[in-house]
Protein chains: 2
Amino acid sequence: MIADQTLDIERAAGILKLLGDKTRLSMMRILSEHDCCVCEFTEIFQMSQPAISQHLRKLRDVGLVKESRRGQWIIYALNESHEYYPFVKMLLNTLPSQEEKLKELERQGKRISCE
Amino acid sequence: MIADQTLDIERAAGILKLLGDKTRLSMMRILSEHDCCVCEFTEIFQMSQPAISQHLRKLRDVGLVKESRRGQWIIYALNESHEYYPFVKMLLNTLPSQEEKLKELERQGKRISCE
DNA sequence: TGCGTATATAAGAATATACTTATATAATGA
DNA sequence: TCATTATATAAGTATATTCTTATATACGCA
């Protein structure tokens, strides 16, 4: 049996709805370049920690990102084994690099996890 | 000056939010194969006419689709000159063909506009 | 053990979204 | 001209979304 290259419309819509928020979409683009922890996102987006955690939870609930603990920090990363990962990755690749935001954190000495 | 291939994250998020609804995403996929009028969509989705019109209005407001009148009917089509059309088209191409839905309409003698 | 830091979760409020019903507009055809 | 059909728009409602604030949990370290 040959796998269908196409995606279920309803599930694809669910993914796109999640990505259709500028904070989450930026998070995903950042994660497509580097793993990150929650406190870095709060710095980058200048948003409250609960707000950031709640966005990450939504992404995690559908399996688009995964988490792992490193000491006090929870490191988030794209889940490359998600069924729709190739689709999501292709999509993220059309967006501008967010490297500058991470570089800025480094200059401020606020970079934690990602190397 | 060479055009940047990447998209503004905020605008991209706006597009993805619109596509992140299964009705609108299906509509866009259908339009990527054939132009369609409102009454065909109401048949396909078994939704009220105002509900369909309101979805189409959102897509039109950001310029993803365009309309033209043919007699009583308003024909909707993808707007191929939209700045993000290549992005949207690529995305729609990953979704399964909706040809069957239109064929079914034809069998029922409810196909109007599209050839 | 107790404190500080990082994170998650819960509850509540403001706003956005997607329908509904009612009505308006435009074209067709008798 | 009038009735019918196709479509758009407005107003209202139910639900979803995205914050906020308050609190709980987990780890590291003195």
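Note: hydrogens, waters and symmetry copies are ignored here, and every other heavy atom, side chains too, is used. Proteins come first, then strands; the chains are lettered A, B, ... in the order of their sequence lines, and each starts at number 1.
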Could you give the CZ-to-P distance, from A:R70 to C:dA6, as a whole number of Å?
-> 14 Å
Using distance alone, with no hydrogens and no angle criterion, decide if A:H34 and A:E99 have a side-chain donor and acceptor under 3.5 Å apart.
-> yes
Taking only the side-chain heavy atoms of B:R69 (C-beta and beyond), determine which of D:dT9, D:dT7, C:dA26 contains the nearest atom.
-> C:dA26
Would you check if there is a donor-acceptor pair between the side chains of A:S32 and A:R29 at a distance under 3.5 Å?
-> yes
Measure distances between side-chain N and O atoms of A:Q72 and base N and O atoms of D:dA26, and say whether any donor-acceptor pair falls under 3.5 Å.
-> no
N/O (side chain, A:R24) to phosphate O (OP1/OP2, D:dT18) under 4.0 Å = yes
Considering only side-chain heavy atoms of B:P50, which listed nucleotide, D:dT7, C:dC19, C:dT21, is closest?
-> C:dT21
Which of these nucleotides, D:dT7, D:dT9, D:dT18, is closest to any side-chain atom of B:C39?
-> D:dT7
Checking C:dT20, C:dT9, D:dA8 against the side chain of A:R60 (C-beta onward), the nearest is C:dT9
Measure from CD on B:E43 to C1' on D:dA6 and round the result to the nearest Å.
-> 13 Å
In whole angstroms, the gap separating P of D:dT18 from CZ of A:F45 amounts to 14 Å
Crowding at CD, A:Q108 (>12 non-hydrogen neighbours, <6.0 Å) = yes
On a heavy-atom basis, the closest approach of A:V65 and A:L56 is CG2-O, 4.1 Å
Measure from the side-chain heavy atoms of A:S53 and tell me the nearest of C:dT9, C:dT28, D:dT9.
-> C:dT9
Starting from P on D:dC27, measure out to CD1 on A:I75 and report it in whole angstrom.
-> 14 Å
Determine the contact category for B:Y76: base if any of its heavy atoms lies under 4.0 Å from a base atom, sugar-phosphate if only primed atoms, P, OP1 or OP2 are that close, otherwise nothing.
-> sugar-phosphate
Please tell me which of the listed nucleotides, C:dT20, D:dC19, C:dA18, lies nearest to the side chain of B:D21?
-> C:dA18
Check the distance between D:dT9's C1' and B:D61's CG and give it to me in whole angstrom.
-> 12 Å
Euclidean distance, atom CD of residue B:E40 to atom P of D:dT7 [Å, nearest integer] | 8 Å
Among D:dT20, D:dT17, C:dT17, the one nearest B:K17 by side-chain distance = C:dT17
Of the non-hydrogen atoms in B:V38 and B:Y76, which two are nearest, and what is the gap between them?
-> CG2-CE1, 3.7 Å
With a non-hydrogen cut-off below 4.0 angstrom, is B:K22 in contact with a base, only sugar-phosphate, or nothing?
-> nothing
Could you give the CD1-to-C1' distance, from B:I74 to D:dT5, as a whole number of Å?
-> 13 Å
Regarding the side chain of A:Q49, the nearest nucleotide among C:dT7, D:dA8, C:dT9 is C:dT7
Under-4.0 Å side-chain N/O to phosphate OP1/OP2 contact, A:R57 with C:dA8 | no
Nearest heavy-atom pair of A:I75 and A:D35: which atoms, and what distance?
-> CG2-CB, 3.7 Å
Any donor-acceptor pair under 3.5 Å joining the side chain of A:Q54 to the base of D:dT20?
-> yes
Round to the nearest Å and state the distance from A:L56 atom CG to D:dT18 atom C1'.
-> 14 Å
Return the nearest nucleotide to the side chain of B:H55; candidates are C:dA18, C:dA26, D:dT7.
-> C:dA18
